[in-house]
Amino acid sequence: MKKKLFSLVLLPFLLLYAFPVSAVEKEERMWQDETMYYLMTDRFHNGNSKNDKEINNNDLRAYQGGDFAGVADKLDYLHDMGFTSLIISPVFENAKGGYHGYWITDFYQTNKQFGSLKELKHLVKEAHDRDMKVIVDFPIRQVSPSHPWVKDQAKADWFQTTSGKTEEDWLGPMAILNLENKAVQQEMTKAGQWWIKKAGVDGYYLSDSAEAPLAFLQSFSKEMKQQKKDFFLLGGSGKKSSVKQFERSGLDSVMNAELAAQLQEQFKNVKQPSDEGTKLVDEAAKQEKAILSANYLDSIKTARFTKKAVEENMFPGTRWMMGLTYLYTVPGVPVVYYGSEVALNGEEGAESHRLLSFKEDQELVEYIKKIGELRQKLPALTRGSYEPIYDKDGMTVFKRQYKDETLIVAVNNSDKTQKVAVPAEELDDNKELRGLLEGGLARPENGKFSLILDRETAEIYALTEKAGANKLFIAALAAVYIIFMTFLYLVWKRGRASRKSS
């Protein structure tokens, strides 16, 4: 009885304070709607001790024990943080010590330290059961110098060099494939098709594709998409390449290394110049395929973003919150490197590939959950137009708009409270801006919306109808109290009848 009474009283408040975003019809999920998490299998979680043959936890350059079973065990952990796609480090057989997966010796065998093909298929199935997609890091241009192909004299023309230098010094000498060679092209295409058939993966991250021939990328992309509809191909861009040059590659997205380098500098401390970041985002948004930009703060090939923050004597958790809010709300696909949720630290190479401790920074994890949920609920963040509004002294404001949904994102990456005026004519002076992260509110006054943010905070504002009494609410409230009074009358009448009978 009390529960029914409480529900009746609560109803009007639920009607008034419902989620303040205009209703947007649920649309078919697209790759630009994804939020991705890149994990190093060996450094994530140990789920099967039977494959712990080469583990040495005292040596960062040795295997640490993570495996496919461990990833499968922690899928709920990732799903709860709002990640919809996983990118897992190369799964292929590697030369001894190849914990990172890049010293490939056989493209048709799993790395036994990570588990069997059966365990990989189980991981993919478990991910699919949670509506998550699995993308495999698939190097197409370099293999271990100990790969059997290197020793085969008949395949001498398969390589540009068998002991080449790469951008990642920690990898050491690598055998660089000649992707202009037809036989090599056919072999790499065959390997790509094989894993789609055998493991059912949803995409590849071609991590070393920055210098791959455009013609090969176009051909490889075509063949993979014929093998599996809606197959996702993410390319890697290097220090000397830009996202724009991949527009005609057939790839769906490319890691934006240029933007990542800028964002590390922009968010490592307060009051850092942000105009270059705004410029790069704006350029990417104006491309025919804005999804082409996969945005990140650090990766398997860089030093940790946390290292930059620590060197500036800044609190890493707050720096991550600022950077991730920006990453989740600008056009493109956010890619978060494993351990970001606990602010892992480390120099480029093995030091940045530490074993993940699940004793997480709960405040940062909860923040990631919150922005991840908003990214999934608000189509304007994944499909909307992008318009820079303000950028000065660490304060960045921009608009995202999709159909009838309008959002204003404000990031105050400075050491003081900031106030920014947004002309009401750019929005709607009959509506208000309601904060979805911190609950801030801005209403138009004198022809402008005033956004006020404390230092080192961010807000995602939704343009919504002004709160307050309205006809629907008044009608609902009246109905509730009529029902409530009727309920009291019936209780009184029943009590009176009971007393008479006694």
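No donor-acceptor contact under 3.5 angstrom links the side chains of Thr302 and Glu348, judged on distance only. Under the 3.5 Å distance criterion, with hydrogens and angles disregarded, a donor-acceptor pair is assigned to the side chains of Asn256 and Ser293. For the residue pair Ser89 and Tyr38, no side-chain donor N or O sits within less than 3.5 Å of a side-chain acceptor on the partner. At a cut-off of 3.5 Å, with distance as the only test, no side-chain donor of Asp454 or Asn412 sits close to an acceptor on the other residue. No side-chain donor from either of Asp131 and His79 sits under 3.5 Å from a side-chain acceptor of the other. A donor atom on one side chain and an acceptor atom on the other are found under 3.5 Å apart for Tyr37 and Glu341. Remark: the Glu27 side chain and the Tyr402 side chain contain an N/O donor-acceptor pair separated by less than 3.5 Å. With hydrogens and angles left out, the side-chain atoms of Thr278 and Asp391 include a donor and acceptor closer than 3.5 Å. Residues Thr306 and Trp320 bring a donor and an acceptor atom of their side chains to less than 3.5 Å of each other.
Residues Leu327 and Val335 approach most closely at CD2-O, 4.2 Å, considering heavy atoms. Nearest heavy atom pair, residue Val201 against residue Phe231, reads O-CE1, 3.4 Å. The shortest heavy-atom contact between Phe220 and Met188 is CE1-O, 3.5 Å. Between Ser209 and Ile140, the shortest heavy-atom contact is CB-CD1, 4.1 Å. Residue Leu453 comes nearest to Ala410 through the heavy atom pair CD2-O, 3.5 Å, listed as atom of the first residue, atom of the second, then distance.
Distance alone, capped at 3.5 Å, is enough to place a donor-acceptor pair between the Glu459 side chain and the Glu438 backbone. For Ser144 (side chain) and Ser146 (main-chain N/O), a donor-acceptor pair under 3.5 Å exists by modelled atom type. The backbone N or O of Pro331 lies less than 3.5 Å from a partner atom in the side chain of Asn295, making a donor-acceptor pair. Distance alone, capped at 3.5 Å, places no donor-acceptor pair between the Asp208 side chain and the Gly236 backbone. Side chain of Thr84 to backbone of Thr35: a donor-acceptor contact under 3.5 angstrom is found. With hydrogens and angles disregarded, a donor-acceptor distance shorter than 3.5 Å links the side chain of Asp298 to the backbone of Phe305. Judged purely by atom type and a 3.5 angstrom limit, Ser85 has no side-chain atom pairing as donor or acceptor with the backbone of Glu34. No donor-acceptor pair closer than 3.5 Å links the side chain of Ser249 to the backbone N or O of Leu217. With hydrogens and angles disregarded, a donor-acceptor distance shorter than 3.5 Å links the side chain of Trp195 to the backbone of Phe107. The backbone N or O of Gly346 lies less than 3.5 Å from no partner atom in the side chain of Arg304, so there is not a single donor-acceptor pair.
A salt bridge links Glu373 to Lys377: at least one charged side-chain nitrogen sits closer than 4.0 Å to a carboxylate oxygen. The pair Lys308-Glu312 does not meet the salt-bridge criterion, since no charged nitrogen lies less than 4.0 angstrom from a carboxylate oxygen. Under a 4.0 Å N-O distance rule, the pair Lys268/Glu265 qualifies as a salt bridge.
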- Please step through ring pair (Phe, Tyr, Trp, His ring centres under 6.0 Å) for the pair Tyr204 and Phe232, ending with a clear verdict. CA-CA 6 Å; Tyr204 291 138; Phe232 184 74; over 10 Å; no
Trace of the ring pair (Phe, Tyr, Trp, His ring centres under 6.0 Å) decision for Trp103 with His147: CA-CA 8 Å; Trp103 293 344; His147 194 294; over 10 Å; no
Query - Derivation of the ring pair (Phe, Tyr, Trp, His ring centres under 6.0 Å) call for His45 and Tyr77 - result: CA-CA 12 Å; His45 181 61; Tyr77 164 80; 9.4 Å; no
*What do the steps show when you test Arg354 against Leu60 for side chain to side chain contact (heavy atoms under 4.5 Å, CB included), and what is the final call?*
CA-CA 7 Å; Arg354 296 179 182 276; Leu60 282 175; 3.8 Å; yes
Checking Asp59 against Tyr99 for the side chain to side chain donor-acceptor pair (under 3.5 Å) test, could you report, in this order, the C-alpha distance in whole Å, the side-chain angles of both residues, the deciding distance, and whether it holds?
CA-CA 11 Å; Asp59 182 2; Tyr99 72 87; over 6 Å; no
Check: Do Lys228 and Asp202 pass the salt bridge (Lys or Arg N to Asp or Glu O under 4.0 Å) test, and can you show the C-alpha distance, the side-chain angles, and the key distance before you say yes or no?
Finding: CA-CA 8 Å; Lys228 185 174 184 177; Asp202 304 293; 3.1 Å; yes
Test ring pair (Phe, Tyr, Trp, His ring centres under 6.0 Å) applied to Phe44 and Phe358, step by step: CA-CA 9 Å; Phe44 193 65; Phe358 290 92; 5.5 Å; yes
Practice prompt. Show your reasoning for whether side chain to side chain contact (heavy atoms under 4.5 Å, CB included) applies to Asn51 and Lys112.
Written response: CA-CA 7 Å; Asn51 54 35; Lys112 295 300 185 287; over 6 Å; no
- Yes or no on salt bridge (Lys or Arg N to Asp or Glu O under 4.0 Å) for Lys416 and Glu456, after CA distance, side-chain angles and deciding distance? CA-CA 8 Å; Lys416 62 182 180 181; Glu456 297 183 85; over 6 Å; no
Exercise for the section: Given salt bridge (Lys or Arg N to Asp or Glu O under 4.0 Å), test Asp33 with Arg375 step by step and report yes or no. Expected result: CA-CA 8 Å; Asp33 301 324; Arg375 180 174 162 79; over 6 Å; no
Side chain to side chain contact (heavy atoms under 4.5 Å, CB included), that's the test. Do Leu407 and Tyr461 meet it? Break it down for me.
CA-CA 5 Å; Leu407 306 175; Tyr461 294 95; over 6 Å; no
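Using a 4.5 Å heavy-atom cutoff, the side chains of Tyr367 and Ile371 are in contact. No side-chain heavy atom of Met174 sits under 4.5 Å from any side-chain heavy atom of Val143.
Note that Lys133 lies in the cation-pi zone of Trp31, set by a 6.0 Å cut-off to the ring centre and a 45° limit from the axis.
Checked against side chain to side chain contact (heavy atoms under 4.5 Å, CB included), Glu119 has the following partners two or more places apart in sequence or in another chain: Asn48, Phe68, Ala69, Ser116. In this view, Ser207 and Tyr102, Asp137, Pro139, Tyr205, Lys301 satisfy the side chain to side chain contact (heavy atoms under 4.5 Å, CB included) rule, not counting sequence neighbours. With sequence neighbours excluded, the residues that form a side chain to side chain contact (heavy atoms under 4.5 Å, CB included) with Pro273 are Asp275. By the side chain to side chain contact (heavy atoms under 4.5 Å, CB included) test, Gln401 is found to be paired with Ser385, Lys399, Thr406, residues two or more places apart in sequence or in another chain being considered.
Note on residues 329-339: no pairs pass salt bridge (charged side-chain N to carboxylate O under 4.0 Å, His left out), not counting sequence neighbours. Applying the salt bridge (charged side-chain N to carboxylate O under 4.0 Å, His left out) test to every pair with at least one member in residues 64-93, sequence neighbours left out, gives these pairs: Asp76-Arg130.
Aromatic ring centres of Tyr337 and Tyr296 lie farther apart than the 6.0 Å criterion allows.
Separating the CE atom in Met132 from the CD1 atom in Ile135 is a distance of 10.5 Å, to the nearest 0.5 Å.
Evaluated for a side chain to side chain contact (heavy atoms under 4.5 Å, CB included) with Tyr326, the options Val409, Val281, Asn413 yield exactly one hit, Val281.
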